[in-house]
Each structure stands twice: as structure tokens, then as C-alpha cells.
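Here is the structure we will look at, set down as C-alpha cells.
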Amino acid sequence: MFSFLPTYDQLEIIISALLLLTAFIFLTQNRISNLITTFTWQSILLTIATTLQAYGNVNKELYISAAITFIFKVLFIPYFLRVFVKKLDIRHKVSNIKHPFLLLMGAVVIVLFCYHLVAANKIALNMNSNITVVAMAIVLLGMLLLITHHKAISHVIGFMSMENGIFFAALVATNGMPMAVELGIAFDVLVAVVLFGVFFFHIRSSIDTLNVDRLNILNERVKE
Amino acid sequence: MVGYMIWVFALLQTILFVAAAPLLSGLVKWLKCRLQNRRGSSILQPYRSLKKLFKKETIVANNASFIFHFTPYLIFTITILISATIPLIIANSPFTYIADIIVLIGLFALARFFLALSGLDIGTAFGGMGSSREMMLSSLAEPALLLAFFTLAMNAESTNLSTIIQHFITTKHLLFSPSLIFTALGFVIIAVAETGRIPIDNPDTHLELTMIHEAMILEYSGHHLALIEWASQIKFMIYCVLFVDLFFPFGLATSLTLNVIGISCLALLAKLFFLSFTLSIAEINLAKIRLFRAPYLLSFAFLLCLLGVLNHIILEVR
Amino acid sequence: MLLLTQITVLITIFAGIIALLLQHWHRLAKFFSFALLGLSSCLTIFIGSKTLITQQTLTWQMVTAFPGLNWQFTLDPLAAFFLAIVGLIVLAITFYGPAYLRGYEKKRSITNMLLCTALFVAAMYLVLLASNVFSFLFAWELMSLSSYFLVIYLHENSVNRKAAFVYLLMAHASGLFILASFGILAKFSTNLDFISIHLAHLPTLWAHCAFILALIGFGMKAGIIPLHVWLPRAHPVAPSHISALMSGVMLKIAIYGLLRFVFSLLGTLYWQWGVTILIIGTVSALLGVLYALMQHDLKKLLAYHSIENIGIIFIGIGLAIIFMSTNHPVLAALGLVAALYHCLNHALFKSLLFLGAGVIQHQIHEQDLEKMGGLIHKMPHTALFFLIGCISISALPPFNGFVSEWLTYQTTLQAPMLSSGILRTLLPISAALLALTSALAATCFVKAYGAIFLGRPKTRQVRHAKDPTFSMVAAMGFLSLMCLVFGIFPVFTINLINSIPQQLLGTGLITTKNWLWLMPLTGNTTTYAPLLLCFGVLTIGGVVFWLVSCRPSNYAKKIKDAGYIPWGCGFGKIGATTQYTASAFAMPIRRVFKGVWAVTETLTKDNGNFEYNLITEDWSWRYFYEKLEKYLTFIARKIAYIQSGNVRIYLAYMFFTLLLLLWLVI
């Protein structure tokens with residue numbers, strides 16, 4: 001039962017549940033500023049989780065990891081994205097899902113699927129808690145965000161969310177990634193965001209919109 | 001001796017519940033007024049208006065049927081019966097064995113059924129409007145409420161209200177388990193929908209075209225209206241006390257000694273005051289949403305309760 | 001007891017024959033036929049309850065001239081329970097029928113109706129008693145055929161003929177699927193009677209095939225989505241007491257067939273079957289009630305609600321199979337008891353509602369909800385009993401509908417006992433959808449009751465309505481009383497039903513002698529005491545009423561209802577057309593659940609008058625059945641090339657077939 005676990009474990013479980021909630025909230029948002037705010041909250045929760053992990057396992061490197069996460073994902077990237085949104089003057093709705101409720105139920109099915117995968121292979125994967133389920137679910141829900149939203153800016157957020165999920169999975173399963181890998185991934189993400197920003201201006205200037213469905217113009221089919 | 005005393009206490013608790021319900025509504029109104037920098041009416045104003053309504057003449061339209069006459073008494077009685085089964089001060093009242101939480105949902109549904117029928121009884125457009133909207137919103141709120149109760153029942157392995165509350169008292173959470181956090185959030189949204197507060201329905205005005213509860217009871221007057229108003233105030237108190245009991249059950253009396261009961265009373269007052277304060281702040285800052293956006297809010301509540309169940313199964317049970 | 005059962009069936013058949021013999025004397029034929037039916041129903045109730053109490057099983061055989069085709073009948077607790085249900089409803093019909101048929105006597109002959117009713121009831125008894133494949137299928141076909149003749153009784157209208165044709169087609173299709181599944185079973189067993197089939201062992205793949213065929217066959221007869229299309233066509237068309245019989249009882253015979261097949265004949269259960277039945281049940285319940293919400297024909301609405309309730313019964317059966325196949329027999333018994341209780345409840349309140357619909361049709365010759373209104377003043381007794389039916393079907397305490405739903409919820413609450421995480425999540429989701437279903441059912445019945453009985457009359461015909469004769473009102477009163485009794489005394493009923501899980505699953509629930517508290521599982525402190533609840537409501541209500549109304553004091557008030565007209569927003573007297581109509585009541589639900597129906601909405605204006613048309617249809621008819629029909633017609637046309645009409649070509653076919661057979665054999 002939950003209440004018989006040590007406090008540290010209880011906090012970890014609570015934070016993982018809140019992370020799952022943020023992944024679901026991504027799917028329900030229509031406006032871009034809300035998406036960016038939710039992403040900020042997700043990153044804050046991730047920082048807290050990393051700090052907790054650092055405190056519990058007395059691993060100094062994880063403190064640095066938490067600091068990097070905080071600086072980049074809580075301060076820098078959301079600010080960058082908001083600047084983008086202002087410059088690109090994105091005002092319309094981000095997604096036009098006909099039945100948001102069905103999408104949420106689909107997300108629940110994905111979470112159940114992750115649970116089934118992990119629970120069936122628990123002994124083989126040598127884990128003692130189900131928090132990995134949440135991490136896997138966050139990655140898959142990030143990909144679902146990529147599929148269902150048609151504005152390019154939300155693809156960035158989806159990609160970030162996936163990276164958050166991978167980071168959380170690494171944190172829980174192996175007590176933090178090696179530092180080199182961590183720094184490498186962090187810089188990759190940063191470069192990706194900058195490149196996205198640059199590309200967006202180019203995409204917008206060539207096809208006049210940031211709707212990824214309009215990229216269909218670029219296919220080679222002869223129009224009748 | 002103890003067996004005899006507990007029945008007396010349970011009865012006293014019910015009478016206190018019924019008598020204190022208008023006070024809670026008055027408190028919320030007074031807090032809202034004060035937060036909006038107005039002086040506002042006193043906390044005891046609902047008592048005065050109930051007294052006024054009981055004295056007034058009751059007028060009934062010429063095509064009212066027995067359902068119209070019967071409904072106010074039925075609703076009031078059912079609400080009193082439900083309030084008897086909710087632990088207000090003592091945690092193990094014997095009345096809770098008559099009805100568990102699923103029967104609670106059923107009894108609320110019965111009261112709503114008759115209220116909706118009485119809205120349709122006279123044959124005006126307002127009554128039909130109110131009944132139709134009320135039935136739609138309550139249909140959407142019910143699966144979320146059932147899932148919330150299921151999570152609690154799966155935690156405590158029983159659907160009896162006093163067993164659930166005593167389970168939560170004895171397991172002494174230092175922190176909330178995530179399933180309880182989500183269930184609490186979902187329960188708040190459902191309670192707002194069922195009691196007709198902002199953002200679903202505005203309890204302060206009486207414009208029939210935009211309201212849900214007020215439109216259904218438009219034709220009632222005099223002592224019928226007094227009974228229905230009192231019943232809706234008791235219903236509001238029931239949801240507040242349920243929220244406080246299920247998610248913050250510290251301080252509820254588990255034995256019948258005097259100081260334990262005293263602590264329980266003080267804890268209850270503090271919790272209800274804090275809840276009223278939070279509710280007032282929320283009501284001032286939010287606006288009533290369009291009727292057809294309410295289903296999105298209720299489906300979000302359903303999602304939260306479903307996440308609560310999922311979290312319980314995935315994260316908490318080995 | 002054996003003799004009594006045989007006499008009962010014979011009396012029922014004789015009730016039909018006597019209608020045939022006394023053809024020219026209508027009144028006598030009606031009287032004797034219904035009297036014999038009533039006698040047989042009382043005997044059935046007696047036999048059923050006695051067998052449930054004593055838990056004994058009787059078997060007897062009748063040999064016919066054909067070898068291997070003998071009739072074999074068994075009376076065991078499962079059959080006895082459904083026999084008692086049939087008996088209860090037929091008893092109510094016996095009181096209702098004579099007065100109802102008086103409306104038809106003048107225009108057409110009722111001999112056919114009386115004969116087929118008796119045959120229908122006798123066939124249902126025989127299906128329940130049958131214990132070998134031949135007698136089961138024979139009785140099943142007899143049931144389908146006799147009910148077809150009853151459905152097509154009002155055959156002048158072409159809509160009725162088409163509806164009856166669809167019904168006959170699907171009844172026979174279901175019979176074929178059942179035959180196929182019995183065929184698979186017969187392949188692996190030594191003999192064709194149910195006992196030797198139970199002892200036979202089937203390989204897994206064949207068991208799955210047999211199960212799927214039986215599910216389709218019995219499901220088509222029971223009315224699960226998407227095999228339900230005959231229900232909303234056939235039930236409105238038949239005379240009301242026949243609709244009550246079909247909806248209340250015949251659907252339960254299909255449930256009996258499924259229970260007998262899965263629990264008795266197929267020995268081992270698989271959890272996949274349970275999950276399939278659970279999902280089908282949930283989907284049928286939810287879609288059934290959503291389709292019902294949009295109907296404005298009263299009987300079609302009740303027919304869609306039958307689909308919903310069959311879905312709820314399937315949920316109970318699915319839960320029982322899931323728990324049984326994962327080794328929790330006591331919980332499986334709980335699920336089975338919940339399903340069986342709901343069978344009983346649905347039979348009672350659905351028949352009550354159909355009888356009420358019959359009374360309404362009798363009095364004002366209308367079935368359209370938009371054309372009624374204000375009937376509560378004209379027929380107060382009917383309104384009261386219809387209200388009890390509406391409260392029962394919406395699963396509200398203290399009536400019987402609530403008890404079976406409460407038991408179903410308690411069963412789903414035992415989900416943590418299962419080891420598979422997916423199942424542990426599926427059960428609460430199914431329970432939540434069941435809660436949505438029952439809340440929407442309450443909405444639908446508020447709409448229906450409000451449109452029919454409350455408000456002000458929308459058309460002129462309503463003015464001439466009045467309460468029907470005493471016997472019709474007594475029939476409805478009897479069913480309402482049964483609804484109340486089975487709601488307030490659930491422990492007594494469960495003690496009766498308990499012998500069935502004992503027989504089928506090996507264990508039953510732990511029965512208590514305590515008749516006040518319903519405590520299905522010991523060690524788990526969930527209790528429900530409906531009698532005390534009723535008592536509490538009456539006491540508190542009495543006290544409140546006395547304090548508020550009767551006591552003379554400063555707070556005394558007099559209710560004056562001398563001619564006050566309803567509030568018209570200051571415009572003065574408002575007409576009856578400003579009320580909320582039934583379609584308007586259901587509009588918010590239509591907007592929320594937009595994708596469920598195929599809606600065609602048109603608003604045309606022609607010189608100042610507006611015309612608004614709203615047509616809501618089932619998706620399954622358009623996308624499943626019409627496509628199936630097109631496909632089959634296409635294949636049939638291709639095959640029709642064989643039929644050239646030329647005699648010499650047919651002779652050539654015979655010649656070449658003969659050559660082929662000679663070559664193969666020799």
C-alpha cells in the first residue's frame with residue numbers, strides 16, 4: 001500500500017503521477033500559450049524529481065543535471081518559444097480535433113498498453129516499481145501530440161515532451177544518465193530548438209503558413 | 001449503554017446538519033460580499049428568508065398534478081436521509097449502514113428525477129429548459145462521480161462511507177497518494193456541477209433563461225419553495241462535508257468521549273471555513289461558462305477520476 | 001411435480017386449441033383461452049418457485065417414431081427461474097388481454113391471435129424445459145414462428161409487413177447460428193442430450209467457434225448491438241400485450257439460451273469470452289439508451305430501452321465469466337445473481353411500461369410523444385403505475401431496478417481481486433459507462449413521462465382519454481406491486497436465485513437469514529437496507545409534512561389553487577405549444593453526443609411558415625445491413641446465371657453430375 005512506503009518513494013510516485021497529468025493536459029489544450037505553460041510545469045516537476053533523486057541517492061552529478069534542466073527547460077526554452085510565438089504572430093487554434101474526448105480515451109488506452117508491456121516483463125527488466133510505465137507513457141503521449149496537432153510549433157513542444165519522458169525514464173530506471181550523455185542530449189535539444197526557429201521563418205516565407213498539412217504542396221504528384 | 005448513546009448522537013448529528021445548512025450558504029455569500037468590498041447581508045440571512053417563505057401564501061397553478069405537490073416533501077426528505085448517512089462529527093454513525101455510497105448516488109438521482117418531472121409538470125418553457133439542462137449535466141457528472149467513489153472504495157475495500165473514512169483516518173497518510181489527489185480534483189469539479197455553483201450555474205441570480213436549478217423551480221412558492229431551497233442548501237453542505245470527510249478526515253471522532261467530540265467539532269468548523277473561503281475566492285474570480293462548454297469540463301473531471309483509478313492500479317497496488 | 005409440469009404445458013396448448021374450436025363465439029373463446037392461460041401461469045409460478053426452493057432436478061423423456069429424435073425435458077433451477085418469470089408476466093397479460101382485445105374484436109377475428117399467443121407461451125415453456133438439441137431447436141422455431149404471426153397481426157399496413165419480415169428473417173438467422181453451434185457441440189459428444197454434451201471435451205479452437213456462433217445466434221435474438229435492428233421495428237408494430245410478452249419474456253429466453261450454452265454445455269470457460277460479453281454489453285447499453293433518447297414514438301423508445309437492459313444483463317454475465325475463469329467462483333456467483341435479478345426486474349418493468357403504452361394507444365390512438373400531454377389528469381391510475389415503471393427502469397431506489405444495478409456495481413468493485421492489470425482497469429470503466437447509461441435512461445424517462453402525462457395537452461384527442469377498465473389497471477397495478485416487492489425484499493429474492501449459481505458454478509452466495517440487510521459478500525461491510533430506507537423516507541416525510549402543512553400556527557399556510565394560470569412571462573395566457581417538446585428536451589444530449597446518430601435536420605421556410613424536420617437514424621442499418629443486403633443481392637444475381645430456364649440445360653447439369661459421381665465412387 002502507498003502509505004507504508006518511505007516518504008521519498010511516496011514523493012516520487014506523486015511527481016510521476018503529476019507528470020502523467022501534464023502529458024494528458026497537452027492533449028486537451030487548444031492555445032499555444034497554454035501548451036508552453038504546461039511544458040514549463042512539466043519541466044519544473046522534472047527538476048524537482050531530479051533534485052529528489054540527487055538527494056536520495058547522494059549523487060552530486062544529478063544536482064548539476066537538475067540545474068541544467070531548470071535553466072534550459074524551465075527558463076530558456078519557454079522564453080524562446082514565447083518570443084517565437086510573438087514574432088510569428090500565431091493566433092489561431094492549434095488543433096482541430098473533432099472529438100477531444102475520444103482522443104483522451106485513446107491516450108488512456110496507450111497508458112494501459114504501456115502498463116501491460118511493463119507488467120508482463122517486470123522480472124526480465126529487473127524493476128521494482130511501475131514508474132517506468134509513466135515515463136514510457138509520457139514519451140508515447142508526446143508522439144500522439146505530434147500526430148494530432150497540425151501547427152509546427154506544437155510539434156516542437158511534442159518533441160520536448162518526448163525528451164522529458166526519456167530523461168525521466170533514464171532517471172528512474174538507472175538513477176540518472178551518465179553526465180556526458182546528459183550534456184550531449186541537452187545541447188542537442190537546444191540546437192534543435194534554434195534550428196526549428198530558423199526553419200520556421202523559412203517555411204513560413206515559402207508556403208505562407210505553418211500548418212504542417214500544407215507541406216503536402218511539396219509532393220511530386222502531377223495534379224490533374 | 002454505548003449502543004444507545006450512539007443512536008442519540010447520530011440523531012443529534014442529523015438535526016445539526018439540517019439546521020446548520022443555511023448557515024453554510026450564508027457564510028459563503030457573506031465571504032463573497034466581503035471579498036468584493038461590499039458589506040453584504042448577515043450570515044443568518046438564509047434563516048430569515050426561509051422563515052419568510054414558510055409564512056407566505058403558497059400558490060399553485062391550476063394544472064398542477066400530484067407530482068407537483070409531492071416533490072418538495074420528497075426532495076427534502078431524501079436530502080435529510082442522505083445527510084443522516086454522512087459522518088459529520090462522529091465517524092461511525094449507525095445510519096451509514098442503511099445506505100452506502102452507491103445508494104447515495106441513487107438517492108440523489110431520485111431527488112433529481114422528481115425535481116425534473118415537477119419542472120415539466122406545469123407546462124411552461126422555463127421548466128422544460130431547466131429540467132433538460134439539469135438532466136444533461138447530471139448524466140455527464142454521474143460516471144465521474146462513480147469512478148471517484150470507486151477509487152475510494154478500492155482503497156478501503158468497502159463501499160460503506162464510515163468504513164472508508166475510518167480507513168483513511170487509520171492509515172495516516174503523510175502525503176496524499178496520487179489517486180487521491182486526482183480523485184479530489186475530479187470530485188471538486190463534480191461537486192461544483194451538482195450543487196450548481198460557478199462556473200456551471202450561478203446561484204446568486206434568478207434569471208431563468210440562463211440558470212438551471214432556478215428554472216426548474218420557477219413555479220414553486222411559499223412553503224414548497226422554502227422546502228426546496230432548504231434542500232438545495234443541505235445538498236451543498238452534503239457535498240462540502242463529503243469532500244472534507246473523504247480527503248481530509250483528520251479530527252473526526254472515532255469514539256464517544258467528550259473531548260474527542262469537541263476536537264471533531266472544532267476541526268469541522270475550521271475545515272468548513274477554509275473550504276468556504278477557497279470557494280468564495282474561486283467564485284469571484286471565475287465566470288459562468290457557456291452551457292455547451294460544461295460537458296468539456298465534466299469530461300475533464302471524468303478524465304481526472306479515470307486517471308485516479310489508473311494511478312491506483314498502476315502505481316499503488318503491487 | 002412432474003405431472004404438474006406436463007399438465008401446465010398441455011393446458012397452455014389447449015388454450016390455443018379451444019380458441020380454434022370456439023371460433024364463432026368470440027367472447028367465450030376469449031374468456032376460456034385467457035382463463036386457461038392464467039391457470040397455466042399460476043401453475044408455472046408455483047412450479048418455478050418450488051423448484052428454486054427445493055433445488056431438485058426432474059427429467060423425463062418422450063419417444064417419437066424417429067430414431068435418435070426423442071423429446072427430452074429437464075426442470076432444473078435455471079429453467080425454473082425463467083419459468084417463474086414467464087408465469088408472472090403471462091399472469092399480468094391474462095388480466096390485461098381481454099379488455100385490450102375488445103378494441104380489435106369488431107374489425108377482425110381474434111382467433112388467430114389467441115391461438116398464436118397460446119402457442120407462443122407454450123413454445124417458451126418448452127424451450128426452457130428442453131434438454132436435448134432436437135427439442136430445444138423445435139421449441140425455438142415454434143417460438144419464432146408463432147411470434148411472427150403475432151407481430152404481423154395488423155397486416156394491412158405495409159410498414160408492419162416489412163417490420164415483421166425483418167423480424168422473421170433475423171429470427172431464422174439466429175436459429176441457424178444456434179443450429180451451427182449445436183452442430184459443433186454434437187460433433188464432439190456421444191449423444192445429443194445436454195448431459196452428455198456437458199461431459200464432452202472440446203478442443204480450444206472448436207470451443208471458441210462454438211461460443212462465437214452461439215453468441216451471434218442468441219445475441220441476435222436478445223438484441224445486442226449491432227444485431228438489434230429487428231427490435232425497434234417489430235415491437236412498435238405488434239399489439240401491446242404481445243410487445244410486453246416479446247420484450248419482457250422472449251428476450252429473457254434468449255438470455256437463458258446463452259446461459260445454458262455457456263455455463264452448462266461448454267464446460268470450461270475462458271476469460272476472453274467474459275471480456276467479449278462485457279464489452280458487447282457495455283456498448284449495447286450505452287448505444288441503446290442514446291438511440292432511445294432521440295425517439296419520439298413511445299414503443300420504439302421502449303424497444304431501444306430493452307436493448308439497453310439486455311446490455312446490462314450481458315455486463316453481469318460477462319463479469320460472471322471473467323471471475324469464474326480466473327478462479328473466483330463466489331464473485332462469479334455474485335455477477336450471475338446480478339444478471340439474473342436484472343432479468344426478473346426488466347421483465348417486470350418493461351411489461352408494465354408496454355402495457356401502459358397499450359392503454360395510451362387504446363385511449364387516444366396515438367404513439368407519438370409530441371402529440372400527447374396532460375394525461376395525468378385524465379388517467380391518474382395509469383399515470384401512477386407508469387411512473388412506478390419509469391422509476392424502476394431508471395434504477396432509482398427503493399424499486400427493483402436499483403437492486404440489480406447495485407449488485408452489478410458491487411461485482412465490478414471486486415476488480416482488485418483479478419491479477420491482470422488490464423482487466424482491473426476494464427471493470428471500473430465498464431461500471432462508469434453503466435452509470436452514464438442509467439443516468440441517461442433517467443433522462444429519457446423524464447422526457448417520456450413529461451411529454452405524455454405532464455404539461456398541457458398538445459392535441460385534441462387527449463381530451464377524450466380516461467382511465468381504462470379495472471382489469472387493465474389491475475394488471476399494471478400487479479406488476480407495479482411486484483416491482484416494489486422485489487425492490488424492498490432483495491434478500492428473499494437472492495435466496496431464491498442462489499440455487500442457480502449453486503447449480504451452474506458450484507458455489508452460491510452465502511445466504512443469510514437476515515431479511516433486512518442486503519449483504520452479498522461477508523467480510524466486506526457493504527450493506528443496503530431498502531426496507532429501512534423506505535421506512536426512513538416515510539417517517540421523515542410524515543414528520544415534515546405534519547410540521548409544515550398540518551400544524552396550525554403562525555407558519556400555517558393554505559394552498560389556494562383556484563384558477564391560477566401558469567406564469568407566461570407577462571404575456572398573459574400562453575398556449576400549449578410553448579411547452580418544451582420531447583425533442584427539445586433531448587436536444588442538449590444530442591449536441592453532446594453528436595456522432596452517435598445519423599441526423600438529418602432540415603428547416604424550410606415557405607411564405608412565412610417554417611417547417612422543421614429532424615430524422616435520427618441508426619448507423620448500423622445504413623452502413624451494415626444495407627451494405628450486407630447489396631452484397632448478398634450481388635452474389636445472388638451472379639449465381640442466378642445458372643438458372644437459365646432451358647430444360648435441356650438442366651438435363652445437362654444432371655448428366656454431368658451423374659458422370660462426376662460415377663467417376664468418384666467407382
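Here is how names work: the chains are called A, B, and so on, in the same order as the sequence lines, proteins then strands, and each is numbered from 1. Small disclaimer: the values here were computed from a predicted structure and weren't measured.
- Interatomic distance, OG1 of C/Thr578 versus CZ of B/Phe126, reported as 9.5 Å (0.5 Å rounding).
- Between C/Lys447 and B/Ser132, the closest side-chain pair of non-hydrogen atoms is not below 4.5 Å.
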Report task. Show the numbers, then the answer: is there a side chain to side chain contact (heavy atoms under 4.5 Å, CB included) between C/Gln410 and B/Ile102? Result -> CA-CA 9 Å; C/Gln410 292 296 336; B/Ile102 301 180; 4.0 Å; yes

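- A distance-only check finds no donor-acceptor pair linking the side chain of C/His377 to the backbone of B/Ser65 [under 3.5 Å].
- Here the straight-line distance linking atom CZ of C/Phe585 with atom OG of B/Ser131 works out to 5.5 Å at 0.5 Å rounding.
- Comparing B/Thr96, B/Leu107, B/Leu145, B/Leu110 by how many heavy-atom pairs each has under 4.5 Å with chain C, the most go to B/Leu110.
- C/Gln579 and B/Thr124 form no side-chain donor-acceptor contact under 3.5 Å, judged by distance and modelled atom types alone.
- How far CD1 of B/Ile98 is from OH of C/Tyr528: 11.0 Å, rounded to the nearest 0.5 Å.
- Only the backbone of C/Ala584 comes within less than 4.5 Å of a heavy atom of chain B; no side-chain atom from C-beta onward does.
- Chain C forms more heavy-atom pairs under 4.5 Å with one residue of B/Met135, B/Glu134, B/Arg112 than with any other, namely B/Met135.
- Across B/Pro143 and C/Ala435, no two heavy atoms sit closer than the pair CA-CB, 4.1 Å.
- Between chain C and the options B/Thr77, B/Ile80, B/Thr151, the largest number of non-hydrogen pairs under 4.5 Å is found for B/Thr77.
- Atoms OG1 and CG, on C/Thr412 and B/Leu146 in that order, are 7.5 Å from each other to the nearest 0.5 Å.
- No more than 12 heavy atoms of other residues, nucleotides or ligands shown are found within 6.0 angstrom of CZ on C/Phe535.
- Proximity to chain B (any heavy atom under 4.5 Å) is restricted, for C/Ser394, to the side chain, taken from C-beta onward.
- A 4.5 Å side-chain heavy-atom check between B/Phe114 and C/Ile391 finds at least one atom pair inside the cut-off.
- Looking at B/Ala226, there are no atoms closer than 4.5 Å to chain C (heavy atoms on both sides), in backbone or side chain.
- Chain B forms the most heavy-atom pairs under 4.5 Å with one residue out of C/Leu434, C/Thr437, C/Thr443, C/Val592, and that residue is C/Thr443.
- B/Gly123 and C/Arg456 make their closest contact through O-NH2, 2.5 Å (heavy atoms, listed as atom of the first residue, atom of the second, distance).
- Surrounding OH of B/Tyr47 are more than 12 heavy atoms belonging to other residues, nucleotides or ligands, all under 6.0 Å away.
- To the nearest 0.5 Å, atom CZ of residue C/Phe593 and atom CG of residue B/Leu140 are 5.0 Å apart.
- With chain B as the partner, the residue from C/Ile589, C/Val543, C/Leu413 showing the most heavy-atom pairs under 4.5 Å is C/Leu413.
- Across all their heavy atoms, C/Tyr409 and B/Phe150 have their closest contact at O-CZ, 3.7 Å.
- For C/Val446, the parts lying near chain B are the backbone and the side chain together; criterion is any non-hydrogen pair under 4.5 Å.
- With contacts defined as side-chain heavy-atom distances shorter than 4.5 Å, the pair C/Pro416/B/Glu157 does not qualify.
- Residues of residues 398-408 of chain C placed with any heavy atom under 4.5 Å of a heavy atom in chain B are listed by number as C/Phe402, C/Trp406.
- Side-chain contact between B/Ile78 and C/Ile540 is absent, with no heavy atoms from C-beta onward closer than 4.5 Å.
- Looking at B/Val309, the atoms closer than 4.5 Å to chain C (heavy atoms on both sides) all sit in the side chain, from C-beta outward.
- Side-chain contact between C/Leu387 and B/Leu117 is present, with at least one heavy-atom pair separated by less than 4.5 Å.
- The choice from B/Ile101, B/Leu227, B/Leu147, B/Leu306 that makes the most heavy-atom pairs within less than 4.5 Å of chain C is B/Leu147.
- Nearest heavy atom pair, residue B/Ala125 against residue C/Tyr580, reads O-CD1, 3.6 Å.
- Heavy atoms of C/Ile376 lying under 4.5 Å from chain B belong exclusively to its side chain.
- With contacts defined as side-chain heavy-atom distances shorter than 4.5 Å, the pair B/Phe68/C/Leu454 does not qualify.
- With rounding to the nearest 0.5 angstrom, the CZ atom of B/Phe54 is 9.0 Å from the CG atom of C/Leu547.
- Counting heavy atoms from C-beta on, the side chains of C/Pro588 and B/Phe292 come closer than 4.5 Å.
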